[in-house]
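In the text below, chain A, chain B and the rest are named by the order of the sequence lines, each starting its count at 1.
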There are 4 protein chains.
Amino acid sequence: MTDTKAPDSSRRSDRSRHAIYEAALALVAEVGYARTTIEGIAARAGVGKQTIYRWWPSKAAVLLEAYLDLAGQAAGDETEIPDTGDLAADLKLVLRATVDEMNNPAYDGPTRALAAEGVVDPALGAQFVEKLLDPSLQLYARRLRAAEEAGGLRPGLDLRIALELFVGPLTHRWLLRTLPLTHDYADTLVDYALHGLATEPPRS
Amino acid sequence: MTDTKAPDSSRRSDRSRHAIYEAALALVAEVGYARTTIEGIAARAGVGKQTIYRWWPSKAAVLLEAYLDLAGQAAGDETEIPDTGDLAADLKLVLRATVDEMNNPAYDGPTRALAAEGVVDPALGAQFVEKLLDPSLQLYARRLRAAEEAGGLRPGLDLRIALELFVGPLTHRWLLRTLPLTHDYADTLVDYALHGLATEPPRS
Amino acid sequence: MTDTKAPDSSRRSDRSRHAIYEAALALVAEVGYARTTIEGIAARAGVGKQTIYRWWPSKAAVLLEAYLDLAGQAAGDETEIPDTGDLAADLKLVLRATVDEMNNPAYDGPTRALAAEGVVDPALGAQFVEKLLDPSLQLYARRLRAAEEAGGLRPGLDLRIALELFVGPLTHRWLLRTLPLTHDYADTLVDYALHGLATEPPRS
Amino acid sequence: MTDTKAPDSSRRSDRSRHAIYEAALALVAEVGYARTTIEGIAARAGVGKQTIYRWWPSKAAVLLEAYLDLAGQAAGDETEIPDTGDLAADLKLVLRATVDEMNNPAYDGPTRALAAEGVVDPALGAQFVEKLLDPSLQLYARRLRAAEEAGGLRPGLDLRIALELFVGPLTHRWLLRTLPLTHDYADTLVDYALHGLATEPPRS
DNA sequence: CCGTAACCGAGACGGTACGTCTGGTCTTTGA
DNA sequence: TCAAAGACCAGACGTACCGTCTCGGTTACGG
C-alpha cells in the first residue's frame, strides 16, 4: 500500500527526457562518470530531481538510455559484416574497427563506465549486454553462420563460443588494460582462432 | 618527490594494518563491497580514519591489499600447471578450476568488485592486473612455452596472445555475465583454441 | 545580495527549527557549551546536519536563537523598572535581581558562553548585544530619564554613560570573576555612582 | 607506571620554552587566536607536541605565558599612576592610556582572546585576572588610597569597588563592543564617578 | 469548459559518508 | 634520559549527494 504507483508514461515530458539525456552525456564528457551526479544532471537539465527518480532507477540507467538514444539517432550504423568470401579478411576488418572504437575516448569513456557498473550491478549488466553488446555479437554470429554454410568452418561448432574466441580477448585487453589494443593484435587473434595453436589437427 | 608529506613507513603499526585487513574483508563478506565504507572499516578495526587515509588512496586499494595479504598467508597456492604431456588435458584442468573459482561467491564477490573498480580507475586497474591477474597468467605462459619446446605448438606463436585465447573468453563471460560458466565451456574453449575454427589449415 | 544561494525561508520547517532549539538548550544544559557539537544537536533533534548549516552560521548562533526563543515564550518578562520616586532604591532592586541572575547557573551557563563567543566574534557579539543586552539596558535608560525629568539627576548627563556606571562594574565582576557578586555590592555600587567618590562637589 | 609523573622542571629546556613563546605569539599575530593550534605552535617552534602538553594545560595557557614573558622583557613598564594632586586629571590620563591600548589591535587581539577564554574557563580566568588584570588594578588602588589620605575622597569608601567604577564601564565597552571607546568617554567616566550622578548629596 | 489529477521545476528535508583537521596519547629514535 | 618527530585513536568539522517529501504551477483529460 506504500506506492504501487507506476507513473503514467503517456503524460511523460519528452522535453525533460531529452534535456536529461543531453545533460547526462555532457556531464559525463566533461567531468567523467564518477563525478556525474543525479543532482548535477537535474540541475543542468533544468529539471526536478524527482523527474529523474520517477523514470530511472539509477544514474547508470539514465546514462545507458542516453547513450542508446544517441546511438539511435545515428541509426542504421549497425551495418552487416561484409561477406567477401574471405572469412579471415572480413573478421579482421571488423575487429580492427572494434579496436579503433575501444581506443576512441569518446566511446571508451561512457562505455567503460557502464561496463564497470554492469560488472557489479547484475540488472544493469543485463541491460548493457542486451542493448549494447548483443547486437554487435549478432553480426559475428551471422557472418560465422554464413561461413559455416559455405563450408569454411569445421562442422558442428558452437558458433556462440566461436565468436567469443574473437571478442573475448579483445574485451579482456580493453577492460583490464593489460596490453595495448592494436590492429596487429586483432589480425593475430583472427589467425590464431581460425587455425588453432596446436601443431596437430583435431583428433575427431 | 611525489608528495609533500610521505609518512614514515618504518614506524607503521602492523597491528593496525592487520586489523584493517580483517575488518575490510569481514565487512565485504557481510554487507558487500558497495556498502562497505572506509568509516566502517575504521570503526570495525578500532582504528582512526586517518590511519587508513594515511596509507591507502582508496577503499579499493585497502581491499586489494587485504585480499593479497589473505592470499599470501595461504602461500604456495600458486602451484604450477601440471605437465602431463597432454596440453589440452592440462589446460582443461586449469580452466575448469578457474571456472569453479569464478562461480564461487567467496571469490567472486571481492574480486568482481575490484575488477570493476579497476576498469574505471587505471591506477587500481594496473595494481589489480599486476598483483592478481598476471601471476596466474604466468602459469599459462610457462605451460605453453613447455608445449612449444616439445613441438606441440605451431612455431613462431606469440604466446601472450595465445594464452589470451583461453582466458579472454572466460573473463568475458565472468565479468559480463553473458552466459553461464561451465566445465563444458572451458573444455570447448581449449579444443577450439588449440585446433582452430576453420576447415582449412593455415596458408603459411 | 549577501550570499550566492539564499535558502527559501518560506519553506522552512518549523518542526525542525524548534527541535533544534530544544536539542541545543538541552545539550548545553547537560554537557556544557564547549562539549556541545553541531553534530550532537542534529542527532538529538533528529535532523540532518545540513538543516543546521543551512540556516545558521555557527553553533553560537544556534544557541543564541534558541535562547531568545526560550525567552520569547516566557514573554512579557521584560517588566519595567519600578518608579517609586526613590531612584536609589529602585536601582538597587534591579541590580540585585541582575546579581541573582548572574549567580544562577541556569542563566549563567549559556549566557556566559555566548558572551565569550561574542567577545571574539564581532558579528555574534553584535547580535548578543542587540538581542540580549540592549533590551535590559533600555530599562535603565528609561528609569534614569524619568529621574532626570524629576530633577533627581544633575542636568546634562549623558544617560547612556550614566547607566554604564551601574552595569559596567557588574558585568566586569560577572565575566572576569574577580570578586563575588553580592547584593551588598550592588547596593554600594548604586550609592557610589549616584553620589560620587570625591569629597568636593563638581566645579561646574 | 602510566603517568603520575610530574615532569622534572629542573631539566626543562629553556630553548624549547622560548621557541614555543615566539611561535605562539607569531601565529596569533598572523592568523589569529582561533586558527592557532597547538600542533601549529609545535611545528613552528620545531618542537614535539608532547613538549607542549607536558608543560601547559591548554593553548590559552601557552599564550598567556608567552604574553607575560613578552611583557616581562619590556619590564618596568608598570609605571605608577602619577600623583599631581589633581585626582581627576591623573585618572583621566591613565584611563585614556587604557582606552588607547584597547583600541590598539596588537594588544587587543591576544588579550581579547585570552579574556574570552577566561570567561569560559575559570582556571584560566583566574590566571588572567591575577597575572594581567590585577597588577594594573593595583595602580588605581594605590592612587585612590593616596587620594583618600589626602582627603580627596569621601571617607570610608571601599576602594576596590571605587576603582571598579572606572574600569568596569571601560571593560564593558571593550569586551562587548557596545559603543566606541574614546578619550571623551574616559573623561566623562571620571567626572561622573567622582562627583556622582545625583543632584542631592548623600544623606549620611 | 471546468475541475481534478497527473507531471513538472524547485528545493528543503533526514541521512550517510566523505576527506580533513585537531586534540591528546603513545612509541620510536637520535643526541 | 629526554626531547624531536610523528603515528596513533578519536571524533567533530563542513560538504556533497543520496533518495524522499512537500510546494505551487501548468497541462491535459473526463465528467
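Atom-to-atom, CD of D:Glu39 to P of F:dA5 comes out at 14 Å; the value is rounded to the nearest Å. For the pair B:Asp14 CG and E:dT27 P, the computed distance is 15 Å after rounding to whole Å. We find that CD1 of A:Ile38 is positioned 14 Å from C1' of F:dA16, with the value rounded to whole Å. Distance CZ (B:Arg35) to C1' (E:dG15): 14 Å, rounded to an integer number of Å. Between the P atom of E:dG15 and the CZ atom of C:Arg54 lies a distance of 14 Å, rounded to the nearest Å. Rounded to an integer number of Å, the gap from C:Ile20 CD1 to E:dC13 C1' is 11 Å. Rounded to an integer number of Å, the gap from CH2 of A:Trp56 to C1' of F:dC18 is 18 Å.
Between C:Thr51 and E:dG14 there is a side-chain polar atom (N or O) within less than 4.0 angstrom of OP1 or OP2.
With rounding to the nearest 0.5 Å, the separation of CG in C:Leu132 from CG in C:Leu68 is 5.0 Å. The distance from the CD1 atom of A:Ile41 to the CD atom of A:Glu39 is 11.0 Å, given to the nearest 0.5 Å.
Both tests pass for D:Lys59 against the ring of D:Tyr33: distance under 6.0 Å to the centre and angle within 45° of the axis. For the pair B:Arg12 and B:Trp55, the cation sits on the ring face: its NZ or CZ lies under 6.0 Å from the ring centre, inside 45° of the axis.
Without hydrogens or angle criteria, D:Lys49 side chain to D:Ala42 main chain gives no donor-acceptor distance under 3.5 Å.
Comparing E:dC18, E:dT28, F:dC8 by their nearest atom to the side chain of B:Trp55 picks out F:dC8. Looking at the side chain of B:Arg11, the nearest of the listed nucleotides E:dA17, F:dA12, F:dA7 is F:dA7. If you check E:dT25, E:dG14, F:dC9 against the side chain of B:Val47, the one that comes closest is F:dC9. For A:Asp8, counting side-chain heavy atoms from C-beta on, the closest listed nucleotide (F:dC18, F:dC13, E:dC7) is E:dC7. Of the candidates E:dC8, E:dG19, E:dC13, the closest approach to any side-chain atom of A:Ser16 belongs to E:dC8.
Side-chain atoms of B:Gln50 come within donor-acceptor range of the base of E:dC21, with a qualifying N/O pair under 3.5 Å. For D:Lys49 against F:dG6, a side-chain-to-base donor-acceptor contact under 3.5 Å is absent.
As judged by a 4.0 angstrom heavy-atom cut-off over every strand, B:Arg12 is placed among residues touching the sugar-phosphate backbone only. Nucleic acid contact class of D:Gly40 (heavy atoms, under 4.0 Å, all strands): none.
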